[in-house]
Amino acid sequence: MESMFDLTGRVALVTGSAQGLGFEMAKGLTRAGAHVLVNGRDEDHVANAVSVIKSLGGSAQELVFDVSVDSARATALSAIASEHNRLDILINNVGLRDRRPIEEIDGPDFQALLQVNLTSAFLLCREAVELMRARQWGRIVNMSALGSAVGLKLSPSYASSKGALESLTRTLAAALGPDGITVNALAPGFFATETNAAMVADEDLSQKLFSRTALGRWGEPHEIAGAAVFLCSEEAAYVTGQVLTVDGGCASYF
Ligand SMILES: NC(=O)c1ccc[n+]([C@@H]2O[C@H](COP(=O)([O-])OP(=O)(O)OC[C@H]3O[C@@H](n4cnc5c(N)ncnc54)[C@H](OP(=O)(O)O)[C@@H]3O)[C@@H](O)[C@H]2O)c1
C-alpha cells in the first residue's frame with residue numbers, strides 16, 4: 001500500500017521559512033517528498049536554512065524576496081514559473097507582530113502591518129493561483145493565529161489582520177474549489193520560536209500559559225509541521241475553508 005501524505009513531485013513555496021514555524025513546515029514538507037522554495041529577505045539566513053534541509057536529505061532551494069514588495073513578488077513568481085512550470089503548494093507564513101495597545105498604534109503603523117500580513121498574502125494567492133489552475137490542483141495554507149478568534153488586548157492590529165486572513169481563507173476556498181484548489185488556515189497557539197524567546201523566558205507568563213493549556217507547556221516549533229503536511233496532502237482533498245487550531249488545548253487567554 002502507498003503511504004499517506006506523500007508530497008513527492010510537489011513544488012511548495014513557504015514564505016518566511018528561514019526560521020521558526022515556517023522553517024519547520026518547510027522541513028516537514030520536504031520530509032513528505034516535496035521540493036520547497038525557502039523564502040526570507042536575508043540571503044545568508046535563507047541559504048543556511050536550505051543547507052540544513054539538504055543535510056537532512058530534503059530537496060530545497062533559496063527564493064529570497066520581500067513578500068510586501070510587488071516587483072520582488074512578481075520576479076519570484078516568474079522565476080518559479082520558468083524553472084518549475086508549477087506551484088502546487090503556497091504557505092503564506094510571514095506575519096508581523098505588534099504588541100501595543102490601540103492608543104499607541106497610528107494609521108501608518110496599522111497600514112504597514114496589514115500590508116505584510118494581509119495584502120501580501122492576498123496578492124501571493126492571486127499570483128500563485130494562476131500556476132495552480134493550470135494543473136487543476138493546489139493547496140494554500142494561510143498562517144493565522146489563535147489570537148484572531150479571541151481578544152488579545154495588546155495586539156489589536158495583529159489579531160485583526162489574522163481575522164481578515166481567516167475570512168480571506170474562507171472566501172478563496174469557495175472561489176477556488178472548482179479548480180481543485182483548497183484553501184485553509186492554521187491557527188497556532190503559543191510556540192517556543194526564536195521570536196517568542198523573551199516570552200518563553202518570562203516565568204510568570206509561562207506559568208499562566210501552562211495553567212490555561214491542556215498540555216501545560218509551550219508548543220515546540222516542529223509540532224506545527226504535521227498539520228501543515230496534512231493540509232497540503234492529497235488526503236486533505238475534501239478539507240477546505242477551515243481554520244485548524246494547533247494550540248495544545250488553550251482554554252482561556254491573556
Ligand atoms: N510563533 C508563534 O507562537 C506563533 C503563534 C501564532 C501565530 N504565529 C504565526 O506564524 C507565522 C510564523 O511565526 P514565527 O514566529 O515562526 O515567524 P518569525 O520567526 O517571526 O518570522 C519568520 C521569518 O519571516 C521572515 N520575514 C519577515 N518579514 C518578511 C517579508 N516581508 N518577506 C519575506 N520574509 C519575511 C523573517 O526573515 P527575514 O527577516 O530574514 O526576512 C523570518 O525569518 C506568523 O504568521 C505568525 O503570526 C506564530
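Just follow the structure's listing: the first ligand is 1, and inside any ligand the first atom is 1. The first residue of the sequence shown is numbered 1, and numbering continues consecutively from there.
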query: With side chains defined as the heavy atoms from C-beta onward, is the minimum distance between R139 and T182 less than 4.5 Å?
result: yes
statement: for atom 46 (C) of ligand 1, nearest protein heavy atom and its distance come out as Y158 OH, 3.6 Å
query: Near F65, which atoms of ligand 1 are under 4.0 Å from a heavy atom of that residue?
result: 32 (N), 33 (C)
query: Any idea how F190 and W218 line up, ring-wise: parallel (<30°), tilted (30 to 60°), or perpendicular (>60°)?
result: perpendicular
query: Taking E166 for the side chain and A164 for the main chain, is one N or O donor matched with an acceptor at less than 3.5 Å?
result: no
- prompt: Of all the non-hydrogen atoms in the protein, which one sits nearest to atom 5 (C) of ligand 1, and at what distance?
  reply: G189 O, 3.0 Å
- prompt: Out of G16, S161, S17, whose heavy atom sits nearest atom 22 (C) of ligand 1?
  reply: G16
- request: Report yes or no: does E24 have a heavy atom closer than 4.0 Å to ligand 1?
  value: no
Contacting atoms of ligand 1, where contact means under 4.0 angstrom from a heavy atom of G20: 16 (O)
- prompt: Which heavy atom of the protein is the closest neighbour of atom 31 (N) of ligand 1, given with residue, atom name and distance?
  reply: D66 OD1, 2.9 Å
query: What is the distance from atom CG of L7 to atom CD of E234, rounded to the nearest 0.5 Å?
result: 10.0 Å
- prompt: In ligand 1, which numbered atoms sit nearer than 4.0 Å to a non-hydrogen atom of N196?
  reply: 1 (N), 2 (C), 3 (O)
message: Please determine whether the number of non-hydrogen atoms from other residues, nucleotides or ligands lying under 6.0 Å from atom CZ of F5 exceeds 12.
response: yes
Closest protein heavy atom to atom 12 (C) of ligand 1, given as residue, atom name and distance to 0.1 Å: N93 OD1, 3.2 Å
message: Among S148, A159, G22, S144, which one puts a heavy atom closest to atom 9 (C) of ligand 1?
response: S144
task: Kindly confirm or rule out an N or O of L21 lying under 3.5 angstrom from an N or O of ligand 1.
output: yes
- prompt: Would you say C232 and V141 make side-chain contact, with heavy atoms under 4.5 Å?
  reply: yes
task: Say whether T15 and ligand 1 are in contact under the criterion: heavy-atom distance to a ligand atom below 4.0 Å.
output: no
query: Got an N/O contact under 3.5 Å between F191 and ligand 1?
result: yes
message: Could you identify the single nearest non-hydrogen protein atom to atom 18 (P) of ligand 1 and state the distance to 0.1 Å?
response: T195 OG1, 3.3 Å
- prompt: Where does E194 meet ligand 1, judged by heavy-atom distances below 4.0 Å: at the side chain, the backbone, both, or neither?
  reply: neither
Atom 1 (N) of ligand 1 [closest protein heavy-atom partner, distance rounded to 0.1 Å]: T193 OG1, 3.1 Å
- prompt: So, is the end of the R10 side chain (NZ or CZ) under 6.0 Å from the ring centre of W137 and within 45° of the ring's axis?
  reply: yes
- line: min-distance protein heavy atom vs atom 35 (C) of ligand 1 -> V94 CG2, 3.6 Å
- prompt: Any idea which of Q19, R73, R97, M25 brings a heavy atom closest to atom 48 (C) of ligand 1?
  reply: R97
- request: Examine the proximity of ligand 1 to N39 and report which part, side chain or backbone, both or neither, has a heavy atom under 4.0 Å away.
  value: side chain
field: Validation row: L154, P101 side chains within 4.5 angstrom (heavy atoms)
entry: yes
message: Give me the nearest non-hydrogen protein atom to atom 36 (C) of ligand 1 as residue plus atom name, then the distance to 0.1 Å.
response: R41 NH2, 4.6 Å
- prompt: Are L124 and L77 side-chain neighbours, meaning at least one heavy-atom pair lies under 4.5 Å?
  reply: yes
Close N or O approach (V116, ligand 1; < 3.5 Å): no
field: Within 6.0 angstrom of R170 CZ, more than 12 heavy atoms from elsewhere
entry: yes
Residue pair Q115 / Q111, side-chain donor-acceptor N/O under 3.5 Å: no
- request: May I ask whether V239 and L165 are part of the same hydrophobic cluster, defined by side-chain heavy atoms of I, L, V, M, F, W, Y residues being less than 4.5 angstrom apart, directly or through others?
  value: no
- prompt: Can you tell me if F23 has a non-hydrogen atom under 4.0 Å from ligand 1?
  reply: no
message: Tell me if a side-chain donor or acceptor on K54 pairs with a main-chain N or O of Q61 at a distance below 3.5 Å.
response: no
